[in-house]
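See structure below.
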Amino acid sequence: MVSQESTTPSISEPKIVRSICWSPPGCHGGCGVLLQVENGKVVKVQGDPQNSFNSGKLCVRGQAITEALYHPDRLTKPLLRAGNRGENKWSEVSFDEALDFIAERLQAIRTEYGAESVIFCKGTARDIGAYLPRLCYGFGSPNYFGFGPGSGNACYRPRVAASTAIMGGLPVPDLGEFNPSNPVTPECIVIWGANPIHSNPDGMHGGWVVDAIQRGSKLIVIDPQHTWLAAHAEYWLQLQPGSDAALALGMIHLLFKNNHLDTEFCDRWVHGVDEMRSAASSFTTEKTAELTGVPAPVIKAAAECFGKSSPAGLIWGVSVDMHPHCLSTIQSLIALFALTGNIEIPGGMVLPSDPFGMKRRGDQVRDFPEIKLKRIGAAEYPLIEYGNPYAQPDILLHQMETGKPYPIRAAWLQGTAVIPSSFADPERVVKLFGKLDFNVMVDIFMTPAAVAFADVVLPAAMYPEKDSIYLHYSQLGAINKAVDPPGECKSDAEIILETGKRLAPEYFPWKSVTEWLNHWLEPAGLTFTELSARGPRAPSIEYHKQEEGRLRADGKPGFDTPSGKIELKSSIFERCHLPELPYYTDVHEDYRKGTSDSDYPFILTTGARKPHYFCSEQRQIPSLRNKQPEPEVTMHPDAALEKGIDAGDRVRISSPHGSCEMAAVVSDAFPPMVIHCDYGWWFPEEEAAEPHLFGVMRANVNRLLPSELQGPGGFGYPFRCYICNIERITPEMQSETT
Ligand SMILES: Nc1nc2c(c(=O)[nH]1)N[C@H]1C(S)=C(S)[C@@H](COP(=O)(O)OP(=O)(O)OC[C@H]3O[C@@H](n4cnc5c(=O)[nH]c(N)nc54)[C@H](O)[C@@H]3O)O[C@H]1N2
Ligand SMILES: Nc1nc2c(c(=O)[nH]1)N[C@H]1C(S)=C(S)[C@@H](COP(=O)(O)OP(=O)(O)OC[C@H]3O[C@@H](n4cnc5c(=O)[nH]c(N)nc54)[C@H](O)[C@@H]3O)O[C@H]1N2
Ligand SMILES: [Mo]
């Protein structure tokens, strides 16, 4: 029998609990699972066939949950630092003692330096995102960081902010998921810098793309890597990393040239069509081919296929954000879909409403006009206020250094690894966080950052051990507690609630997490118990909402922009002192300034997702670590030959800023001049104390990237378009390396 209710775990009765496989461990997705429980332990997990999000599928990380739950290294007790930072010496305390201590320290810092001197940070895609902003804003700080914090906020936020400015919200592809019984199949799906088969990103499941292919969708894949999707594409455009804006502008140029515009849609709903034509006019196919490395006939054929297909959808990935001039790429991609009328139609790009009336980011997001003004980066980069605002992380580092315009004194870091992942220039980051008066980290394992600079480490419960909610545009469902957490672990929501009661009681009136969840669920007309009993649900979707005045707060027809149209020439960009129209800049020329041609001949792209790891997680999970024991750098056979590197060699990858070491994989998955490095590596089996810090610097590709390379608007970072060289590590060099 499937128990759908959230029940108190029982020691004896075997049962199966329906839940959602979400955070911790981290994931963007929201796959339904059935957890088999015996003697108070999860003994088996399988994909929930009744959950329309994943329809019973479950990835390798999902399948490894019992290894994570019962891992001997899990944090189980709150820890107070006993020695100096970096020594990894701790004393165990009760949760109440830990929270009282934290509250006392943060209260003192708030009194002395102001609430804004405390920053609140979460890593990517954790359910914490629905809860932590309330603590941050309730405490009185405007400085919430939802991605890391990480350089250039270069994940998702650029797409959200720019789309909100240009068309009133982030459009998502309708691949049939909104209407599984009678799906509309896009004739063509453009997959741009995304690999949803591995990543299931941003509320979608990669399996939907496979279903769409089976129903007849053609794929156009824009990726330097030969992925599974590239192999199944009608057209694979293997562009040079970082040349996305040029390719998008080249395709816009061809849409105009071939007359593939939806003129009726453009006349009614698009502003700046002529200006966009001019912005793209110099991107002839020949020039675009030269800038991107994609052969001209392939560009022509793909643009023709896209222009003739209706409906067409776009899956755009984080590679779009990982460029200092990402705003131009985002604007150009919106233009491709707006000019062809693929907006708000079945099988096209749609603006999802808040599902079931609930606020997707949690109703708990409260922001106050008076504190907004102090948000880090707000003065320099007004575009950060659009969409769900995060403070600006590169300005943060600068401010940590200078104390201007006000000092930063403390950090609350929950579900973010910081050193192996989110920030470029990790040495600088360690130094600056190390100078703060007080740092709290909440995690499931001891991490390099916790050892390096945490003063208190709190142990979080994993998803089978807690009640919570998964809510995205594609699903509302209950995360149901199946078993008790070990030791004193508490759910992230409970940790936030208990801290909130101490530091901002007026914003945390609830006696329990369940009461808080019930409050959030009010607009959906459900209690948490009812949601658990009903099982997960996909919201329905409506199309053509701009016709009926359903996209704007004032109820007028149109998009939620100043003109009511999709603004390809963006008045909000202008208001934010940004170019109103897209352009292309070859950043590599800038990065190579002051070096000779042969110093850094390769283009560096990093962090393309692999199924067995999520960012810096899972390195301690045996079945997953066995799939890839070491960090890898992938290089083309031609480059390997030229550099005298064999598969499996230890190599050093270097840039003008720094270097790291990995094992070489020789493959033609990427073009000859491109080097791909894994990211997020550390070695949980190695020495924790400083200076070693679980070996986190050895294979850390972010050491090659200098900080403060964010783009205009404060968005974007060259995580996927930097420069590098690569060489085999010889015995003499080895001795230089720690
Ligand atoms: N070079 C390079 N750098 C990159 C990227 C890249 O592609 N290349 N990608 C960037 C991107 S897109 C992102 S989003 C960032 C990601 O950076 P982060 O968000 O910092 O991701 P993780 O490294 O997984 O760190 C998550 C930490 O939180 C813990 N954790 C996981 N889930 C939970 C939870 O629910 N609760 C709590 N309390 N703890 C949890 C994990 O154990 C882990 O220690 O990295 C960025 N950095
Ligand atoms: N298994 C797994 N799933 C994950 C994560 C994970 O670590 N592991 N991380 C999560 C996170 S934080 C995120 S943000 C998402 C990311 O999810 P996605 O964006 O879907 O995935 P990525 O693999 O990071 O990048 C997609 C593709 O971009 C290509 N690429 C590299 N450089 C460029 C470029 O300059 N231009 C273009 N057009 N393409 C380029 C890569 O080759 C890769 O195939 O995945 C999430 N899901
Ligand atoms: Mo991300």
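Heavy-atom basis, side chains included; hydrogens, waters and symmetry copies ignored. Because the structure is predicted, anything quoted here is derived from the model rather than measured. When a ligand or atom number is given, it counts from 1 through the structure's own listing order.
For atom 30 (N) of ligand 1, the nearest non-hydrogen atom of the protein is G415 CA, 4.0 Å. S421 O, 2.8 Å is the protein heavy atom nearest to atom 47 (N) of ligand 1. Nearest protein heavy-atom neighbour of atom 37 (C) of ligand 2: D244 OD2, 3.3 Å. Nearest to atom 42 (O) of ligand 2 among the protein's heavy atoms is D223 OD1, 2.7 Å. Nearest protein heavy-atom contact of atom 3 (N) of ligand 1 is Y679 CD1, 3.2 Å. Summary of contacts: the protein heavy atom closest to atom 13 (C) of ligand 1 is F147 CE1, 3.1 Å. Shortest contact from atom 7 (O) of ligand 2 to any protein heavy atom: C615 N, 2.7 Å. Nearest protein heavy-atom neighbour of atom 19 (O) of ligand 2: V318 N, 2.8 Å. Protein heavy atom closest to atom 45 (O) of ligand 2, with residue, atom name and distance, is S199 CB, 3.2 Å. Nearest to atom 26 (C) of ligand 2 among the protein's heavy atoms is G193 O, 3.2 Å.
Taking distance alone, with nitrogen or oxygen atoms compared against 3.5 Å, V442 approaches ligand 1 more closely than that limit. Every N/O-N/O distance between T447 and ligand 1 stays at or above 3.5 Å. Considering backbone and side-chain atoms together, K466 places no N or O closer than 3.5 Å to any N or O of ligand 1. Looking at T416 next to ligand 1, an N or O pair under 3.5 Å apart turns up. Considering backbone and side-chain atoms alike, T124 places every N or O at 3.5 Å or more from each N or O of ligand 2.
Residues Y463 and V33 approach most closely at OH-CG2, 3.8 Å, considering heavy atoms. The two residues A449 and A417 have their closest heavy-atom pair at CB-O, 3.5 Å. The two residues C31 and H205 come nearest to each other via the heavy atoms SG-CD2, 3.7 Å. Between I330 and S163, the closest heavy-atom pair is CG2-OG, 4.3 Å.
Atom SG of residue C121 and atom CZ of residue F145 lie 6.0 Å apart, to the nearest 0.5 angstrom.
When non-hydrogen atoms are compared, ligand 1 lies under 4.0 Å from the side chain of N702 (C-beta onward) but not from its backbone. The backbone of H198, and not its side chain, has at least one atom closer than 4.0 Å to an atom of ligand 2 (non-hydrogen atoms only; backbone = N, CA, C, O). Contacts with ligand 1 closer than 4.0 Å are made by heavy atoms of both the backbone and the side chain of P24. Contact annotation: for N200 versus ligand 2, there are no heavy atoms closer than 4.0 Å. Contacts between P241 and ligand 2, counted as non-hydrogen atom pairs separated by less than 4.0 Å, involve both the backbone and the side chain. The part of M322 lying near ligand 1 is the side chain, judged by heavy-atom distances below 4.0 Å. With a 4.0 Å heavy-atom cut-off, ligand 1 is reached by the backbone of A417 and by its side chain too. The residue Y156 has no part lying near ligand 2, judged by heavy-atom distances below 4.0 Å. At a 4.0 Å heavy-atom cut-off, ligand 2 touches H28 through the side chain alone.
The shortest distance between side-chain heavy atoms of F453 and L413 falls below 4.5 Å.
Less than 4.0 angstrom separates some heavy atom of G123 from each of these atoms of ligand 1: 19 (O). The contact set between ligand 2 and K610, taken as ligand atoms under 4.0 Å from a residue heavy atom, comprises 1 (N), 2 (C), 8 (N). Atoms of ligand 2 lying under 4.0 Å from any heavy atom of A608, numbered from 1 in the order shown and given with element: 23 (O), 41 (C), 43 (C). Within the listing of ligand 1, atoms 24 (O) sit less than 4.0 angstrom from a heavy atom of F614. Those atoms of ligand 2 with a heavy atom of C155 less than 4.0 angstrom away are 14 (S). Near T227, with a cut-off below 4.0 Å to any heavy atom, the atoms of ligand 2 are 44 (O). Atoms of ligand 2 found under 4.0 Å from any heavy atom of P611 (numbered from 1 in listed order, with element): 1 (N). Heavy-atom proximity to G317, at under 4.0 Å, picks out these atoms of ligand 2: 19 (O). Heavy-atom proximity to Y613, at under 4.0 Å, picks out these atoms of ligand 2: 1 (N), 2 (C), 6 (C), 7 (O), 8 (N).
For the residue pair N700 / W681, no side-chain donor-acceptor distance below 3.5 Å is found, with atom types taken as modelled. Checked by atom type, the side-chain pair S23/Y470 shows no donor-acceptor distance below 3.5 Å. For the residue pair D492 / Q414, a side-chain donor-acceptor distance below 3.5 Å is found, with atom types taken as modelled. Under 3.5 Å, the side chains of S623 and E67 contain a donor-acceptor pair of N or O atoms. Side-chain atoms of N480 and S19 form no donor-acceptor pair, as typed in the model, at a separation below 3.5 Å. Residues H226 and Q238 bring no donor and acceptor atom of their side chains to less than 3.5 Å of each other. Under the 3.5 Å distance criterion, with hydrogens and angles disregarded, a donor-acceptor pair is assigned to the side chains of H28 and D202.
For atom 23 (O) of ligand 2, the nearest non-hydrogen atom from the set R720, R609, E617 comes from R609. For the residues D492, L705, I495, T605, the heavy atom positioned nearest atom 38 (N) of ligand 1 is part of D492. Remark: among candidates A230, S319, G242, the nearest residue to atom 35 (O) of ligand 2 is G242, based on non-hydrogen atoms.
Taking 4.0 Å as the cut-off, F445 does not count as a neighbour of ligand 1 on heavy-atom distance.
Ring pair Y591/Y722 is tilted by interplanar angle, where 30° to 60° counts as tilted.
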Original post:
Can V60 and K627 be said to form a side-chain contact (heavy atoms from CB on, under 4.5 Å), step by step?
Top reply: CA-CA 10 Å; V60 280; K627 291 190 187 299; 3.6 Å; yes
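Considering R619, Q620, R625, E630 as possible partners of F683, the one that fulfils the side-chain contact (heavy atoms from CB on, under 4.5 Å) test is R625.
The main-chain N or O of A125 is found under 3.5 Å from a side-chain atom of W22 such that the two form a donor-acceptor pair.
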